[in-house]
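Data first, discussion second: the structure below is written as structure tokens.
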Amino acid sequence: MISSSSLFERRLLARDRGAGVLRKLWSIPWLFVLLLCAIAGIGYVALTSAGSGNADLYANRHALRFGFCLVMMLCIAFVDIRLIAALAPLGYLVGVGLLVLVALHGQVGGGAQRWINLGPFQLQPSELMKIMLVLALAAWFHRASWERVGNPFFLLPPLLLVAVPVVLIYKQPNLGTSLITLALGGVVFWASGVRWWKFAGVIAGAAAAAPIVYANLRDYQRARITTFLDPESDPLGAGYNIIQSKIALGSGGVWGKGFLQGTQGHLNFLPEKETDFIFTMIAEEFGLVGALVTLFLLLCVVAFCLLVALRCRHQFGRLLAIGLGANWFFYVFVNVAMVTGSIPVGGVPLPLISHGGSAMLTTMLGFGLLIAVWVQRDLEFGVARD
Amino acid sequence: MKWPRIWRRREKGGIANFSMRGVKLEEERRRAVFTRRALVLGGLQLGAFGFLGWRLYRLQVEQGARFATLAEENRLSARLLSPPRGRVLDRNGRVVAGNRLNWRALLVAEQTSDVNATLETFHRIVPLAEHERARIEREVRRRRRFVPVIVREFLTWEEMARIEVNAPDLPGILTDVGTTRIYPEGEHLAHIVGYVAPPAERDMDGDPLLQLPGIRVGRAGIERHHDQVLRGRAGAVQLEVNAVGRVIRELDRREGVPGQDVEITIDTELQKTIRGKIEEGTSVVVMNARNGEVLAMASQPSFDPNIFNAGVTAAQWRQWTSGRSTPLINKTTNGLYAPGSTFKMVVALAALEARVTTPFERVVCPGHYDLGETRFHCWNRNGHGAVDMRTSVKVSCDVYYYEMAKRLGINRIAAMARRFGLGVDLDIELPGTRRGLVPTREWREAQGRPWALGDTIVHGIGQGFYQLTPLSLCVMTARLASGRAVQPHLTRAIGGRPVRGSRPEDWPSMGIPERDLRLMRDAMWSVVNEGGGTAQASRLPGGFGMMAGKTGTTQVRRVSREQRERGFNVATLPREWRPHALFVGYAPHDNPLYAVSVVVEHGTSGSGAAAPLARDVLVDTFNRFRAAPPGPRVADAARGG
């Protein structure tokens with residue numbers, strides 16, 4: 001792809017080399033980095049509370065991990081976007097390989113094979129896969145003209161790109177992440193200009209197939225849906241999490257119970273309060289105000305992704321930014337909707353706030369790519385071909 | 001609609017990058033599409049966040065109060081505090097049912113790394129039996145690890161001290177002190193004071209206290225009758241608990257109201273003295289004749305109520321409930337006997353009231369009484385000659401009472417009996433007390449049998465269908481002696497406040513002319529103190545005044561004519577065929593203080609077995625109260641204050 005760049009592009013590249021590292025450093029969106037630090041800071045406070053005031057339990061490790069991920073993110077931000085685009089297929093293959101590996105030898109956790117044990121780290125390949133999928137799709141659609149995107153045969157390979165990880169993740173089994181991955185692919189397809197009626201067709205088909213899918217769901221997946229529809233039907237069993245989370249949220253009120261004063265969390269009524277239900281913890285102790293402030297900061301990240309996508313002058317960067325933004329959005333939306341009892345519980349963490357390395361690592365990897373796009377947004381790199 | 005482009009693409013393949021201008025246009029178009037679609041996505045995402053915000057608003061503001069309540073309910077747990085149970089004191093303030101400190105050793109599994117090692121160490125300090133070990137291990141497995149499990153109850157001081165000293169070697173072992181019921185007098189007052197036991201389903205009367213583990217409710221006697229008073233009211237402590245129920249801290253504490261002490265009318269020393277004198281199958285009741293206070297109430301055999309505390313074993317229970325001996329049954333309130341000749345005063349008073357005779361009318365007793373074909377015998381086959389009312393009591397002439405009964409009819413006898421507390425509910429504070437039976441014509445007809453005149457005749461001498469308790473016989477005697485309708489009672493004071501009924505004036509008059517009563521008392525005096533009286537051998541020793549009374553001997557088997565003609569001698573009968581011996585009496589004759597009733601099962605003769613015992617009991621009673629006759633409780637209170 002580099003070989004096919006125009007003369008104009010080569011000139012720009014030369015100018016970049018001359019400016020050096022300092023120039024690149026200057027162009028990093030520090031306000032965004034600060035935003036990420038603020039979100040991680042909220043995570044630190046919430047995890048301190050989840051540890052009943054003991055920061056050593058979760059919060060300090062969280063901070064350490066975030067520091068590590070921050071450095072990694074900045075390193076990725078310096079990588080040439082063309083190199084990233086060139087490596088996208090390889091990344092995709094690595095992601096799929098890890099998914100296969102986890103299917104064969106993965107750690108069994110929560111009734112599903114999801115993790116690869118890397119010593120101190122536990123990598124969840126499905127998280128990594130989502131970034132790799134966005135990269136691969138962005139690379140594929142990079143040079144596609146409007147005309148070409150309209151060609152159904154051109155869409156078949158990317159559809160396969162989406163289908164392989166979706167099926168692999170579903171087989172783990174992890175319905176939630178598998179659906180999110182599917183939706184993520186859909187967002188990139190949408191942004192790259194696939195005709196809207198095709199989406200309409202697929203959605204109509206999915207609606208028709210829903211009853212068949214439901215019949216084939218695992219018991220625990222079905223239980224999630226039924227208890228979501230009526231959580232009181234099983235208050236001590238599967239519905240317990242949703243009910244207790246809603247009680248915790250609701251009892252927080254407008255101003256909250258105060259730091260370390262949340263009774264639901266500290267008396268262990270709230271399940272998994274340091275991971276999936278960390279947002280509940282925040283909402284209980286800091287009330288509607290704290291929850292909305294947190295939600296606003298999380299929304300700012302989405303907005304920044306959109307900004308990057310709109311300002312970028314190459315399709316790869318645009319698609320990558322919109323895909324990464326969607327990835328973040330799905331994390332946040334599914335998690336918060338889950339804890340407020342709006343959708344069935346699905347084991348989705350709130351990245352940068354929840355305790356846990358996998359989600360933070362992959363999210364920060366994604367933000368490294370996003371910053372790389374931002375820094376190199378004006379690069380003349382690749383144009384549409386018919 | 002785009003299908004044809006597959007071919008077109010091949011045609012145009014080479015010219016795509018031809019002009020810079022074309023590329024730019026294509027790029028612009030692509031960007032325009034992207035921008036549009038990205039903005040749609042952004043709008044959707046913003047909408048989604050708006051939805052989340054709205055959800056939060058719904059939960060935290062609109063339903064906030066509801067969820068706050070639910071969170072409080074989650075977190076708060078009210079626990080009841082059991083108040084100490086009130087004591088039962090005898091009339092001298094001696095504790096007859098008290099609370100003993102119960103030192104217990106508990107094990108909290110989560111506070112020790114090795115439960116078995118701790119128990120092994122404990123075993124070396126205080127030996128544990130094999131079954132105790134098994135129980136502890138079972139409970140530890142079954143309960144949450146922070147819930148204490150009882151290792152051993154009722155530890156002695158010495159054992160407690162040894163455990164405390166070795167506390168460092170006993171991780172997880174706690175000691176605490178609860179209370180347990182103790183009856184210091186054991187079997188002496190078991191029938192009166194009763195006992196406590198864990199509540200059963202039917203005891204649940206809505207009092208939250210009964211839900212507490214370790215709580216006991218009164219099961220018999222005073223413990224049961226005054227259970228509400230003794231129990232007190234539960235206190236409550238509000239605790240903060242976590243999701244698994246562990247107590248985090250105490251938020252609020254409201255102490256309960258301790259149970260009130262109940263003072264009973266029994267004199268423990270007297271009770272013990274009497275019990276020392278009686279054999280199995282004997283029951284004795286001593287009452288204050290003026291106010292109905294029961295001073296002693298003895299029934300042999302008895303049981304140790306303390307056994308109920310630790311739990312009654314099946315073997316013990318079998319021993320108590322099977323066989324001829326019935327230690328759990330209080331014969332004074334639940335034993336039913338025909339009154340025999342002790343009933344004759346009631347018939348005489350009924351005859352006087354009904355004016356079917358006068359005190360001076362003489363009835364000739366030839367030793368038998370003929371009614372048509374049937375002959376009814378007097379106990380004295382030689383006959384008593386002409387007897388008036390006073391003599392009829394003194395010599396216990398049966399023929400006189402056959403005649404009176406015939407004149408009266410059964411219902412007038414029954415009516416008078418009921419006025420004397422026979423065959424009616426006595427309202428004594430002993431649950432399960434039998435009412436007994438005083439037959440009437442209607443009662444018999446309700447059974448589908450006609451009342452025969454011959455039935456009336458035998459009922460004149462207290463035989464027949466009568467079933468009366470020794471207590472009711474004592475009440476009859478007290479009413480004869482005092483002329484007042486005293487009710488037997490056991491409660492003197494509750495929580496230090498005297499209850500009504502301890503003064504003679506608290507009880508209404510019987511409404512029987514004093515002249516008639518005086519005649520009866522004089523006749524009863526003659527039974528003991530005149531030559532020819534049936535109990536003259538049982539005269540009180542000098543210095544105690546004189547006793548009045550009446551003997552009774554009731555057959556438990558019918559005596560056939562052949563036996564009678566062969567020269568029937570009860571002493572040769574097997575024990576369980578011998579007649580019961582009864583005696584009712586009071587003393588002093590001129591100023592009645594104490595009424596007594598004695599029933600000796602199979603005692604053969606009232607004058608031989610029951611009267612001497614009654615005499616001894618009265619002597620004991622006089623000795624006991626020589627310094628201070630049992631006055632009303634109000635006077636006590638005044639003196640004390």
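Residue numbers start from 1 in every chain, and the chains themselves are labelled A, B, ... in the order their sequence lines are given, proteins ahead of strands. Predicted model, so just to flag it, every value in this text is computed and none were measured.
Judged by distance alone, the side chain of B:Q60 and the main-chain N or O of A:V289 form no donor-acceptor pair under 3.5 Å. Under a 3.5 Å cut-off, the side chain of B:R30 and the backbone N or O of A:G193 do not form any donor-acceptor pair. A distance-only check finds a donor-acceptor pair linking the side chain of B:R31 to the backbone of A:L310 [under 3.5 Å].
Of the two parts of B:Y57, the backbone and the side chain both hold a non-hydrogen atom closer than 4.5 Å to a non-hydrogen atom of chain A. Contact annotation for A:A248: neither backbone nor side-chain heavy atoms come within less than 4.5 Å of a heavy atom of chain B. Only the backbone of A:F141 comes within less than 4.5 Å of a heavy atom of chain B; no side-chain atom from C-beta onward does.
Here B:E72 does not pair with A:K257 in a salt bridge; the nearest charged N to carboxylate O distance is not below 4.0 Å.
Contact count against chain A (heavy-atom pairs under 4.5 Å) is highest for B:L52 among B:L52, B:V33, B:L70, B:L56. Options A:C312, A:G256, A:A321, A:S192 differ in how many heavy-atom pairs under 4.5 Å they form with chain B, and the most are formed by A:C312. Interface summary for chain B: among A:G253, A:A309, A:A337, the most heavy-atom pairs under 4.5 angstrom belong to A:G253. Chosen from A:V254, A:L299, A:L306, A:L249, the residue pairing most often with chain B at heavy-atom distances under 4.5 Å is A:L299. In terms of heavy-atom pairs under 4.5 Å with chain A, the best-connected choice from B:E62, B:Q63, B:R36, B:R29 is B:R29.
Within the 4.5 Å cutoff, no side-chain heavy atoms of A:F329 are placed close to those of B:L41. The shortest distance between side-chain heavy atoms of B:R37 and A:W196 falls below 4.5 Å. Annotation: side chain of A:L319 is in contact with side chain of B:F34 (closest heavy-atom distance under 4.5 Å).
With B:E27 as the partner, the salt bridge (charged side-chain N to carboxylate O under 4.0 Å, His left out) test is satisfied by one option alone out of A:R313, A:R143, A:R318: A:R318.
The 12-atom threshold is not exceeded at CZ of B:R233, counting heavy atoms of other residues, nucleotides or ligands nearer than 6.0 Å. Summarising the local packing, CZ of A:F296 is surrounded by 12 or fewer heavy atoms from other residues, nucleotides or ligands at distances under 6.0 Å.
A distance of 6.5 Å separates CD of B:Q45 from CD1 of A:I322, quoted to the nearest 0.5 Å.
Shown here for B:A68 and A:S251, the closest heavy-atom pair between the two residues is CA-CB, 3.5 Å.
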Does the side-chain contact (heavy atoms from CB on, under 4.5 Å) test come out yes or no for B:F49 and A:V336, once each step is laid out?
CA-CA 9 Å; B:F49 269 80; A:V336 177; over 6 Å; no
Salt bridge (Lys or Arg N to Asp or Glu O under 4.0 Å) evaluation trace for B:E26 with A:R148:
CA-CA 11 Å; B:E26 184 58 36; A:R148 216 171 159 193; over 6 Å; no
